[in-house]
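Owing to the predicted nature of the structure, the values given are computational and were not obtained by experimental measurement.
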Amino acid sequence: MLITAAAGAEARADAPFCHAVTNLSATDPGVFDCSAEPAGYQKRSLWLKIAAPTDSHIVYVHQTRFERLTALFEYADGRTASQSVRRGNYGARWRAGGQIAFEPPMLAAPIKAVILRFDRLASHDLLRIRLPDDAEANAQAAALPVIVGSAITLLALGALYTLSVGVALRRVFLLWHGLWAITMVAWGLLWSQLALIVAPGLAGWSSQICTFLACLAVTLATISGVVALGKDMGPRALRIGALVPGLFILPFGVLASLETGPALGWQVGVLGVLTLSVLALVTIGLVNACRAGNADAKALAWAWALPMATLALTQVVDMDAWLYGGGSQVVMLVAAALQTVSLSIAVTLRIAHLRDERDRARAAEARMSELASRDALTGLLNRRGFVDRAEFMIEGRAAPGEHFGLLLIDIDHFKRVNDGYGHEAGDAVLCRIARRLERWEGPLCVAGRIGGEEFVLGVTGLTPIGIRQFAESVRRGIADLQHPELRTGHAVTASIGVASADQALSFQRLYGWADQELYKAKANGRNRVIFRGSDRNAQAVAS
C-alpha cells in the first residue's frame with residue numbers, strides 16, 4: 001500500500017495505518033489493529049483508518065478491484081460525513097488520472113481521521129491513497145486530464161497512421177505495431193477512466209480489463225519486434241526465446257485479469273519478470289539487427305528505446321506517487337505516445353527515402369530509355385524512337401483536313417564529303433544539319449536520323465500544300481548551311497521524298513511512299529523535293 005500525505009510530503013510505502021476486517025453486513029469496524037498486516041479480507045470488508053493532515057480536504061484512491069468503497073470523514077466535533085461508490089457506478093467521483101475522489105463537506109471543525117471501507121478488495125498491496133492539499137488538488141485537476149488526453153490523442157493518431165502505412169507498404173511489423181497502439185489507446189481510455197464518459201457502467205471493471213490489455217500490448221509489441229527484425233535478430237533460439245514469454249504473457253494476463261483474491265499479488269510479480277525477460281531479449285535482437293544493417297531495426301530501435309526503458313524502469317522503480325498519483329501508468333502512457341510519434345516519424349522518413357530512391361530510379365530509367373531512342377552522334381531520335389513518336393502523332397490526328405506528312409531526307413553525295421575531307425568533317429556536317437532540323441521540332445513536328453546520311457521529319461496539322469511548302473523550306477534551309485570544314489563553294493544539299501495522308505494509314509505505308517519519292521528525287525537530279533499525297537499523285541519541286 002502507498003499512502004501519500006499532503007503536498008510536499010514524500011510518498012511512503014507501507015505507511016502506518018490501522019485496519020479492521022469485518023463481515024460485509026457490519027456497520028461498525030470495531031477495534032482497529034495498527035500493527036499487523038490485514039488478512040482474509042478478500043470476501044469481506046477491509047477498513048482502513050488514516051490520520052488526515054490538517055491541510056487536506058480531499059482523498060484520492062487509485063482505482064483498483066473492489067465491489068464497494070465508502071469514505072468516512074471524522075470531524076473533531078464528533079460528526080461524520082459518508083460518501084460511497086460501487087463497481088459499475090462511480091457517479092461524478094472518478095477523475096482522469098485513474099483515481100476516485102472523495103471531497104468532504106467543509107465544516108467548522110477540522111477532520112481528524114479518514115476511514116475507508118473496501119468491500120471484497122482484491123489486494124491491499126495495490127492500494128494507492130493520496131491526501132493532497134487544496135493547491136495540489138487544483139493542480140492535478142488542471143494538469144492530469146491534459147497530460148492523459150494529449151497522450152491518448154497522439155497514440156490514436158499514431159495508430160491510424162501506422163496501420164494505414166502498414167497496409168499501403170504491406171509491412172507486417174507496422175500492422176502489428178498499429179494493433180499495439182490501438183490496444184494502448186483502449187488501455188489508456190479505460191485506465192484513465194475517460195471511457196466512463198460514454199460507458200459509466202465500466203466503472204470498477206476497467207482495472208481488470210486494463211490488466212488484460214496491458215498483457216496484450218506486451219504480446220503485440222513482442223510480435224512486432226520479432227517480425228521486424230526477422231533473421232537479423234540473431235540465432236533462432238533468441239527469436240524463440242523472445243517470442244515464447246511474449247506469447248505466454250497473454251494467457252497469464254487473462255488469469256491475472258480475472259483474479260480477485262490474494263493470488264493477484266504474485267501474479268503481478270510473475271508478469272513483471274516475464275516483461276523484463278522479453279525486453280532484454282528483444283533489446284539484444286535489436287542490437288544484432290542494427291549491426292546487420294536492418295533498416296526496420298534502426299527505425300524500431302529509435303522508436304522503442306524510450307518505452308522499453310520506461311517499461312523496464314517501472315518494474316524496478318516505484319513511480320506510484322509521480323504525476324499527481326498517476327504514477328507509472330501515466331509515465332508509460334506518455335512514453336507509448338512518444339514512441340508512436342517517433343516510429344511514425346521514422347517510417348515517414350523511410351518512406352521519403354524510398355520514394356526518393358524510386359524517383360531517382362525512374363529518372364535513371366527514363367534517361368536510359370531516352371538514350372536508347374536517341375542517335376549517339378546527332379542526338380536526334382533514332383529509327384525506333386522516331387517511329388514511336390510518329391505513330392503517336394498519326395493516331396492523334398483528329399481535325400478535319402489535317403494531314404500527316406513524312407519527309408525522308410538524304411544528303412546528296414555525302415560519300416564525297418567523307419572521302420574528300422575525312423569522317424570527322426563528315427560527322428560535323430551531319431551534326432550541323434541535325435541542329436538545323438531540331439529548329440522545327442515541337443508538338444507538331446518530330447525529327448530523327450534513320451541511317452548514315454538519312455534524316456526524317458514527321459509533321460502534322462498542315463494541309464497538303466502546307467506540307468509541300470514546309471518540305472521546300474527544309475531543303476533550302478539545309479542548302480543554306482555553311483560548313484567551315486569544307487572548302488569554299490562546296491555546298492551540301494539534300495533530296496527529299498514526301499508522303500502525306502489524311503486518313504489512318506500505318507507508318508510503314510507512308511514510309512514506303514516517301515521512300516519511293518526520295519528515289520525519284522535522287523534519280524531526277526537531286527537537291528529537290530518530290531511530294532506524294534494519298535491520291536498517289538507526285539509533284540516535284542526542283543532547285
Side-chain angles (χ1 to χ4, degrees), residues 362-396 404-460 467 470-486 490-500 506-519 521-522 526-527 529:
R362 287 181 175 177
E365 183 180 0
R367 288 195 297 270
M368 292 299 295
S369 178
E370 180 69 12
L371 290 173
S373 64
R374 292 283 174 179
D375 174 59
L377 175 63
T378 64
L380 295 178
L381 292 172
N382 58 23
R383 179 182 292 272
R384 186 183 72 177
F386 181 85
V387 171
D388 290 342
R389 289 281 300 277
E391 288 180 341
F392 178 79
M393 293 172 68
I394 292 173
E395 295 172 357
F404 178 83
L406 187 66
L407 288 66
L408 290 186
I409 306 167
D410 186 86
I411 307 305
D412 296 331
H413 305 296
F414 185 72
K415 186 174 184 302
R416 296 178 184 177
V417 175
N418 281 334
D419 292 345
Y421 302 97
H423 287 280
E424 185 175 348
D427 289 347
V429 170
L430 292 176
C431 289
R432 190 168 292 109
I433 294 172
R435 300 290 79 76
R436 184 67 184 83
L437 296 179
E438 278 183 336
R439 296 183 183 181
W440 285 294
E441 278 198 312
L444 302 179
C445 184
V446 60
R449 181 191 180 203
I450 58 175
E453 65 270 16
E454 293 186 1
F455 295 87
V456 62
L457 284 171
V459 62
T460 188
I467 293 175
F470 173 70
E472 177 57 23
S473 66
V474 172
R475 185 195 66 79
R476 287 197 304 268
I478 293 175
D480 292 342
L481 289 173
Q482 300 297 317
H483 301 284
E485 300 84 4
L486 311 183
H490 189 132
V492 177
T493 61
S495 301
I496 303 177
V498 185
S500 75
S506 68
F507 174 83
Q508 293 301 326
R509 184 80 174 273
L510 281 174
Y511 184 87
W513 288 2
D515 190 51
Q516 292 175 14
E517 305 318 309
L518 175 61
Y519 180 79
K522 295 169 68 174
R526 302 178 188 274
N527 191 25
V529 175

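- The stretch residues 415-451 participates, sequence neighbours left out, in these ring pair (Phe, Tyr, Trp, His ring centres under 6.0 Å) pairs: Y421-H490, W440-F470.
- A 4.5 Å side-chain heavy-atom check between H413 and V417 finds every atom pair outside the cut-off.
- Shown are L518, L457, I496; of these, the side-chain contact (heavy atoms from CB on, under 4.5 Å) with L408 is made only by L518.
- A distance-only check finds no donor-acceptor pair linking the side chain of R389 to the backbone of E391 [under 3.5 Å].
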Exercise. Quick one: do S495 and D412 satisfy side chain to side chain donor-acceptor pair (under 3.5 Å)? Show the steps, please.
Key: CA-CA 7 Å; S495 301; D412 296 331; 2.7 Å; yes

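- Looking at heavy atoms from C-beta onward, L437 lies out of side-chain contact with T378 at the 4.5 angstrom threshold.
- Of the inter-residue distances, the one linking L430 atom CG with H483 atom NE2 reads 9.5 Å to the nearest 0.5 angstrom.
- For A514 against A499, the heavy-atom pair with the smallest separation is N-CB, 3.6 Å.
- Side-chain contact check for V429 versus F414: some heavy-atom pair is nearer than 4.5 Å.
- If you take CG on D480 and CZ on R475, they are separated by 8.5 Å, rounding to the nearest 0.5 Å.
- Here the side chains of L380 and F386 are not in contact, with every heavy-atom distance at 4.5 Å or above.
- R383 is linked by a salt bridge (Lys or Arg N to Asp or Glu O under 4.0 Å) to nothing, counting only residues two or more places apart in sequence or in another chain.
- In this structure, E438 CD and E441 CD are separated by 5.5 Å, a value rounded to the nearest 0.5 Å.
- Atoms CD1 and CD1, on I433 and I411 in that order, are 3.5 Å from each other to the nearest 0.5 Å.
- V492 places none of its side-chain heavy atoms less than 4.5 Å from the side chain of L481.
- In the displayed structure, R416 atom CZ is contacted under 6.0 Å by at most 12 heavy atoms of other residues, nucleotides or ligands.
- Of all heavy-atom pairs spanning E485 and A425, the tightest one is CB-CB, 3.8 Å.
- Between L381 and R374 there is a side-chain heavy-atom pair separated by less than 4.5 Å.
- In summary, of the residues considered (V459, D388, V446), a side-chain contact (heavy atoms from CB on, under 4.5 Å) with M393 occurs for V446 alone.
- Side-chain contact between L406 and W513: absent, with no pair of heavy atoms (C-beta onward) separated by less than 4.5 Å.
- Contact detail for Q482 and R432: the closest heavy-atom pair is O-CD, 3.3 Å.
- Checked against side chain to side chain donor-acceptor pair (under 3.5 Å), N418 has no partners two or more places apart in sequence or in another chain.
- When all heavy atoms of F404 and G458 are compared, the pair lying nearest together is CZ-CA, 3.9 Å.
- Between L407 and F455, every side-chain heavy-atom pair lies at or beyond the 4.5 Å cut-off.
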